[in-house]
K.L.:
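Here it is, the structure, as structure tokens.
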Amino acid sequence: MRSSRPRLRAGLTWAATLPMVVGALALGIPSAGADTGPAGRDTLAGTKPLWATRQADRGSAPGSGRITARVHLAGRDAAGLARYAEAVSDPGSASYGAYLTARQAEARFGATAAQRARVTSWLTSAGLKVTGSDRHYVTVSGSTAAVEKAFSTRLHNYAKDGHTYRAPETTPSVPDSLDGAVLTVTGLDNAPHKARHDDTLPPPDEVFRNAGPFSTYYGSRTGTKLPSAYGTKAPYAVKGYTGKQLRPAYGAKNFTGKGVTVAITDAYASPTIARDAATYARRNGDQAYRKGQLSQVLPAEYHSTEECGASGWYGEETLDVEAVHALAPDAGIVYVGAASCYDDDLLDSLSGIVDGRLADIVSNSWGDLESNETPASAAAYDQVFQLGAVEGIGFYFSSGDDGDNVASTGTKQIDMPANSAWVTAVGGTSLAVGKHEPYQWETGWGTLKANLSADGRGWTDFPGAYTSGAGGGTSATVPQPYYQRGTVPDALARANGGTPMRTTPDIAAVADPNTGFLVGQTQTLPDGTRGYDEYRIGGTSLAAPVVAGVQALAQQARRGLPIGFANPAIYQRYGTSAYHDVTDRPLGAGRRLAVVRNDFVNGHDGADGIATSLRSLGQDSSLSAVVGYDDVTGVGSPAPGYVTSYRTR
């Protein structure tokens with residue numbers, strides 16, 4: 001059984017009609033350390049899922065089967081880790097930029113050998129079998145009875161989203177003789193768990209192609225024979241922007257990311273990534289990769305390939321690699337693939353980057369609903385993010401592609417790990433790049449779709465139904481971090497009640513697949529062979545690597561000094577020429593924007609016909625891009641002054 005839940009490629013949208021440590025309160029992270037509990041025990045606050053309520057309780061969990069869990073180690077000084085991570089990340093702090101090496105961070109904040117031995121000895125004496133360990137955790141398995149006894153709780157079944165899952169009835173605890181060595185434990189709940197089995201990677205997905213006509217830049221070709229919309233003829237969607245168009249749009253100037261390394265985490269690994277990336281660069285005018293510029297760090301084996309949709313992650317990796325290189329052609333890129341799409345494996349990938357100080361910037365285009373995150377898993381993620389912060393590593397996560405998530409879940413909520421106060425959440429825009437002017441305008445990404453009527457004279461149910469948009473909104477679990485105070489309007493921060501909470505996103509870049517990025521990838525062709533092909537793609541999983549690439553340029557401008565956890569610096573620049581203040585009506589209150597798009601019905605050729613639709617821009621569920629900070633684009637998108645604002649003398 002697995003001790004974590006699957007994560008989705010939450011920031012990926014095809015261009016077609018197509019899923020806390022103690023002391024961290026200064027940055028709005030709920031405490032997950034040990035508090036005084038029953039006599040002789042320390043409770044592990046945050047280890048009981050929020051959905052495990054009395055109303056949802058369905059009685060004791062069956063005692064059959066074995067449970068696998070991870071006991072995460074708190075390290076030497078969990079409270080000090082959070083304080084130091086904040087200090088080195090805050091431009092107003094005397095300790096700003098005083099980063100530690102990976103070895104120094106481990107020596108100062110990591111778990112000691114004695115702590116690991118003490119925790120291991122206790123787990124064994126409690127009747128649990130230790131099946132693995134590293135510097136961050138100990139993995140154990142045991143019967144329901146043994147787990148209940150070890151953590152002094154009862155495991156019950158609870159109703160959640162039409163299913164029944166196991167979770168602790170009361171807050172778990174550990175012996176106080178462990179002296180705070182345990183941060184949290186994950187795996188006591190099973191919402192859901194999967195059987196582990198070793199797999200080989202499947203072949204790539206079937207080919208996807210866009211149908212023309214296309215614009216080569218925004219507005220270069222107009223649907224003159226199609227019905228008007230908003231009083232004018234709409235342009236055709238672009239074929240897909242390239243680095244030559246995005247670099248000047250976001251103020252790259254002569255910076256190339258030289259001397260900076262960007263890591264990318266996703267699940268699995270594309271078997272053709274090196275060849276695809278090189279082919280794409282050659283065909284689209286990007287700089288050729290130098291020897292060793294693109295590397296991969298991969299697990300010894302993969303698992304859960306079917307339930308995680310392994311081949312679908314190939315396109316994610318390809319997009320991330322090609323987008324980073326397009327924006328920062330001299331930056332080193334290291335892809336760190338997870339063995340599956342589950343928390344345990346994704347955490348291992350992130351931890352590997354931090355433990356080895358493999359990169360300065362980490363781009364992540366995956367996530368899940370905040371309601372699916374347990375406080376225990378949040379604590380485990382935040383510990384990794386804090387360790388990265390003290391080493392000068394910044395983490396960037398896509399904010400999601402379903403707006404406020406009401407259409408997909410019925411509940412207004414944001415995504416995780418973008419909800420963490422220790423990461424930069426990247427929202428999305430629709431971007432217009434002109435022929436001679438690299439930046440015309442941006443709107444908040446949010447799309448309505450209306451199909452061409454059967455007689456070709458109008459748009460059916462104009463302006464149409466909501467399809468997708470940048471994720472954002474207010475967290476239900478993470479308090480407002482200090483760097484958002486005074487910038488995020490109270491109406492957003494207090495949207496869930498009286499207490500100000502973390503609001504996402506923090507910054508934004510191009511995401512709308514109708515104004516998206518051209519990507520090249522080996523796919524399975526209609527005749528069953530495999531070959532390289534190119535298509536337009538979008539989603540906040542495009543925005544995340546674009547911003548990561550821009551951050552590489554900014555770090556180069558800073559003479560290579562790491563920016564680290566960037567949010568304090570990002571918000572420090574709010575309201576300056578560093579940003580485009582993106583709104584839903586960039587051309588004025590009375591001007592609405594739309595593009596025409598053609599899609600192959602079968603996804604790859606015209607044999608089954610072509611569907612024509614109008615995509616209205618700047619209409620993101622209940623979210624709105626307005627003047628100032630908003631929950632679609634955060635503080636805005638990088639303007640020409642952003643990269644140079646980091647320049648040091």
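On a predicted model such as this, the values are computed, not experimentally measured, just so you know.
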K.L.:
Using the six-membered ring wherever Trp is involved, compare the ring planes of Y158 and W51 and label them parallel, tilted or perpendicular (cut-offs 30° and 60°).
P.N.:
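Because their plane-to-plane angle is over 60°, the rings of Y158 and W51 count as perpendicular.
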K.L.:
So, T153 and E169: side-chain donor and acceptor under 3.5 Å apart, yes or no?
P.N.:
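Absent: no donor and acceptor within the cut-off.
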K.L.:
Where does the angle between the aromatic ring planes of F151 and W122 fall among parallel (under 30°), tilted (30 to 60°) and perpendicular (over 60°)?
P.N.:
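F151 and W122: perpendicular rings.
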K.L.:
So which atom in N419 and which in T504 form the shortest heavy-atom distance, rounded to 0.1 Å?
P.N.:
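For N419 and T504, the tightest heavy-atom pair comes out as CA-CG2, 4.3 Å.
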K.L.:
Is a donor on one side and an acceptor on the other found under 3.5 Å between the side chain of E317 and the backbone of Y314?
P.N.:
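A pair under 3.5 Å: no.
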K.L.:
Heavy atoms, side chains only, cut-off 4.5 Å: are F565 and W422 in contact?
P.N.:
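F565 vs W422: side chains touch.
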K.L.:
Is it the case that E370 and T477 place a side-chain donor and acceptor less than 3.5 Å from each other?
P.N.:
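There is such a pair (donor and acceptor under 3.5 Å, judged by atom type) between the side chains of E370 and T477.
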K.L.:
Under 30°, 30 to 60°, or over 60°: which ring-plane class applies to F397 and W366, parallel, tilted or perpendicular?
P.N.:
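Perpendicular, since the angle between the ring planes exceeds 60°.
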K.L.:
Working to the nearest 0.5 Å, report the span between OG1 of T503 and OH of Y629.
P.N.:
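So the gap between those two atoms works out to 5.0 Å.
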K.L.:
Checking the side chain of S420 only, and the main-chain atoms of P417 only, is there a donor and an acceptor separated by less than 3.5 Å?
P.N.:
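Looks like no, no N/O pair under 3.5 Å.
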K.L.:
I would like to know whether L347 and V384 meet side-chain contact (heavy atoms from CB on, under 4.5 Å); could you show each step before the answer?
P.N.:
CA-CA 8 Å; L347 273 166; V384 176; 4.0 Å; yes
K.L.:
Would you compute the distance between atom OG1 of T139 and atom CG of D344 and round it to the nearest 0.5 angstrom?
P.N.:
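That separation rounds to 7.0 Å.
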K.L.:
Under a 4.5 Å cut-off applied to non-hydrogen side-chain atoms, are L188 and T47 in contact?
P.N.:
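No - every pair of side-chain heavy atoms lies 4.5 Å or more apart.
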K.L.:
Okay, side chain of R58, backbone of A56: is any donor-acceptor separation there less than 3.5 Å?
P.N.:
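Yes, the answer is positive, given that a donor and an acceptor are paired below the 3.5 Å cut-off.
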K.L.:
Can you find a side-chain donor-acceptor pair between D404 and S622 that sits under 3.5 Å?
P.N.:
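The criterion, which ignores hydrogens and geometry beyond distance, is satisfied for S622 and D404.
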K.L.:
Let's go through K160 and N372 carefully: what are the C-alpha distance in whole Å and the side-chain angles of both, what is the deciding distance for side-chain contact (heavy atoms from CB on, under 4.5 Å) to 0.1 Å, and is it a yes or a no?
P.N.:
CA-CA 10 Å; K160 179 182 184 293; N372 287 338; 2.9 Å; yes
K.L.:
Keeping the roles fixed (side chain from T68, backbone from S141), state whether a donor-acceptor pair exists under 3.5 Å.
P.N.:
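Judged by distance alone, no pair lies under 3.5 Å.
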K.L.:
If you measure only the distance, is there a donor-acceptor pair under 3.5 Å linking the side chains of D42 and S173?
P.N.:
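No donor-acceptor contact under 3.5 Å links the two side chains.
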K.L.:
Look at the side chain of S398 and the backbone N and O of G400, then say whether any donor-acceptor pair between them is shorter than 3.5 Å.
P.N.:
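Checked: no pair found.
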K.L.:
Would you give the length of the straight line joining atom OH of Y396 to atom OG of S365, rounded to the nearest 0.5 angstrom?
P.N.:
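Interatomic distance, Y396 OH to S365 OG, rounded to 0.5 Å: 13.5 Å.
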K.L.:
With a 4.5 Å heavy-atom cut-off, do L81 and L387 have their side chains touching?
P.N.:
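Yes, close enough: below the 4.5 Å cut-off.
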K.L.:
I'd like to check Q386 versus F109 (side-chain heavy atoms, cut-off strictly below 4.5 Å). Are they in contact?
P.N.:
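No, their side chains stay 4.5 Å or more apart.
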K.L.:
Taking only residues at least two apart or on different chains, which pairs with a member in residues 465-480 satisfy salt bridge (charged side-chain N to carboxylate O under 4.0 Å, His left out)?
P.N.:
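Output for this query is empty, none listed.
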K.L.:
Would you say T374's side chain and S377's backbone share a donor-acceptor pair under 3.5 angstrom?
P.N.:
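Answer holds: yes.
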K.L.:
What are the two closest non-hydrogen atoms of L623 and K412, and how far apart are they?
P.N.:
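Heavy-atom minimum between the residues: CD2-CE, 4.3 Å.
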K.L.:
Which distance, rounded to the nearest 0.5 Å, do you find between the CG of L73 and the CD of Q115?
P.N.:
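Between atom CG of L73 and atom CD of Q115 there are 7.5 Å.
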K.L.:
Quick one, D584 with Q619, criterion side-chain contact (heavy atoms from CB on, under 4.5 Å). Give me CA distance, side-chain angles, the key distance, then yes/no.
P.N.:
CA-CA 7 Å; D584 287 333; Q619 303 188 66; over 6 Å; no
K.L.:
In terms of side-chain geometry, is the basic nitrogen of D176 or R41 positioned less than 4.0 Å from the acidic oxygen of its partner?
P.N.:
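Looking at D176 and R41, the cut-off is not met.
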K.L.:
State whether the side chain of N190 and the backbone N or O of R166 hold a donor-acceptor pair below 3.5 Å, judged by distance alone.
P.N.:
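Judged by distance alone, yes, a pair lies under 3.5 Å.
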K.L.:
Decide side chain to side chain donor-acceptor pair (under 3.5 Å) for D205 and S311; before the verdict, give the C-alpha distance in whole Å, the side-chain angles of both, and the deciding distance to 0.1 Å.
P.N.:
CA-CA 6 Å; D205 285 342; S311 60; 2.5 Å; yes
K.L.:
If you measure from OG1 on T265 to CG on L358, what distance do you get to the nearest 0.5 Å?
P.N.:
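Rounded to the nearest 0.5 Å, the OG1-CG separation comes out at 12.0 Å.
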K.L.:
Got H136 and D355 here, is their nearest side-chain heavy-atom distance under 4.5 Å?
P.N.:
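SC-SC contact between H136 and D355 confirmed.
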K.L.:
Hey, is R70 close enough to D348 for a salt bridge, meaning N to O under 4.0 Å?
P.N.:
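Yes, charged N to carboxylate O under 4.0 Å.
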K.L.:
Which atom names give the shortest non-hydrogen contact between Y574 and G628, and what distance separates them?
P.N.:
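So the two residues come closest at OH-CA, 3.3 Å.
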K.L.:
Distance only, no hydrogens: is a donor on one side chain within 3.5 Å (strictly under) of an acceptor on the other, for Q413 and N405?
P.N.:
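Looking only at side-chain atoms, N405 and Q413 do not form any donor-acceptor pair under 3.5 Å.
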K.L.:
Compare every heavy atom of P168 with every heavy atom of P49, then report the nearest pair and how far apart it is.
P.N.:
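Result for this residue pair: CD-CD, 3.9 Å.
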K.L.:
Less than 4.5 Å apart, side chain to side chain, heavy atoms only: is that true for V362 and I393?
P.N.:
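They are in contact (side-chain heavy atoms under 4.5 Å apart), so the answer is yes.
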K.L.:
Calculate, to the nearest 0.5 Å, the distance between atoms CD and CZ belonging to E106 and R76 respectively.
P.N.:
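Nearest 0.5 Å value for the CD-CZ distance: 6.5 Å.
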K.L.:
For residues 138-158, pull every pair meeting salt bridge (charged side-chain N to carboxylate O under 4.0 Å, His left out), keeping only residues two or more places apart or in separate chains.
P.N.:
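Pairs touching residues 138-158 that pass the test: E148-R154.
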K.L.:
Can you confirm whether the side chains of Y571 and D506 place a donor and an acceptor under 3.5 Å from each other?
P.N.:
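Side chains of Y571 and D506: pair found under 3.5 Å.
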K.L.:
Mind checking what makes side-chain hydrogen bond (donor to acceptor under 3.5 Å, both in side chains) contact with D631, not counting sequence neighbours?
P.N.:
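In terms of side-chain hydrogen bond (donor to acceptor under 3.5 Å, both in side chains), with neighbours along the sequence ignored, D631 is linked to no residue.
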K.L.:
Spell out, as yes or no, whether a donor-acceptor pair under 3.5 Å connects the side chain of T540 to the backbone of A543.
P.N.:
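No.
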K.L.:
Is any side-chain heavy atom of D90 less than 4.5 Å from a side-chain heavy atom of Y482?
P.N.:
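In contact.
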K.L.:
Is it the case that the side chains of S121 and T124 hold a donor-acceptor pair, with the cut-off being a distance below 3.5 Å and no angle test?
P.N.:
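There is no such pair between these side chains.
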K.L.:
Distance only, no hydrogens: is a donor on one side chain within 3.5 Å (strictly under) of an acceptor on the other, for N157 and T164?
P.N.:
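No pair is found: no donor N or O on one side chain lies under 3.5 Å from an acceptor on the other.
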K.L.:
Should D620 and Y466 be marked as a side chain to side chain donor-acceptor pair (under 3.5 Å) after you check the CA-CA gap, both sets of side-chain angles, and the distance that decides it?
P.N.:
CA-CA 8 Å; D620 187 9; Y466 176 74; 3.0 Å; yes
K.L.:
Give the intermediate values and the outcome of side chain to side chain donor-acceptor pair (under 3.5 Å) for residues S363 and D320.
P.N.:
CA-CA 8 Å; S363 178; D320 294 350; 5.1 Å; no
K.L.:
Decide side chain to side chain donor-acceptor pair (under 3.5 Å) for D401 and S468; before the verdict, give the C-alpha distance in whole Å, the side-chain angles of both, and the deciding distance to 0.1 Å.
P.N.:
CA-CA 6 Å; D401 290 358; S468 55; over 6 Å; no
K.L.:
Go through the steps to decide whether F385 and V354 satisfy the test side-chain contact (heavy atoms from CB on, under 4.5 Å), and finish with yes or no.
P.N.:
CA-CA 8 Å; F385 301 147; V354 173; over 6 Å; no
K.L.:
Among side-chain atoms of N567 and T424, is any donor-acceptor pair under 3.5 angstrom?
P.N.:
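T424 and N567 do have a side-chain donor-acceptor pair below 3.5 Å.
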K.L.:
What orientation do Y268 and W313 show, parallel under 30°, tilted 30 to 60°, or perpendicular over 60°?
P.N.:
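Plane angle over 60°, so perpendicular.
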K.L.:
Short question: side chain of D630, backbone of V626 - any donor-acceptor pair under 3.5 Å?
P.N.:
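A pair under 3.5 Å: yes.
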K.L.:
I need the minimum non-hydrogen distance between A509 and V546, along with the two atoms involved.
P.N.:
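Nearest heavy atoms, A509 then V546: CB-CG1, 3.8 Å.
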K.L.:
Determine whether the side chains of D266 and Y335 contain a donor N or O and an acceptor N or O closer than 3.5 Å.
P.N.:
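Distance-only check fails for D266 and Y335.
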K.L.:
Spell out, as yes or no, whether a donor-acceptor pair under 3.5 Å connects the side chain of Y137 to the backbone of V185.
P.N.:
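No, Y137 side chain to V185 backbone: no donor-acceptor pair under 3.5 Å.
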K.L.:
With side chains defined as the heavy atoms from C-beta onward, is the minimum distance between V423 and N364 less than 4.5 Å?
P.N.:
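No. Closest side-chain heavy atoms not under 4.5 Å.
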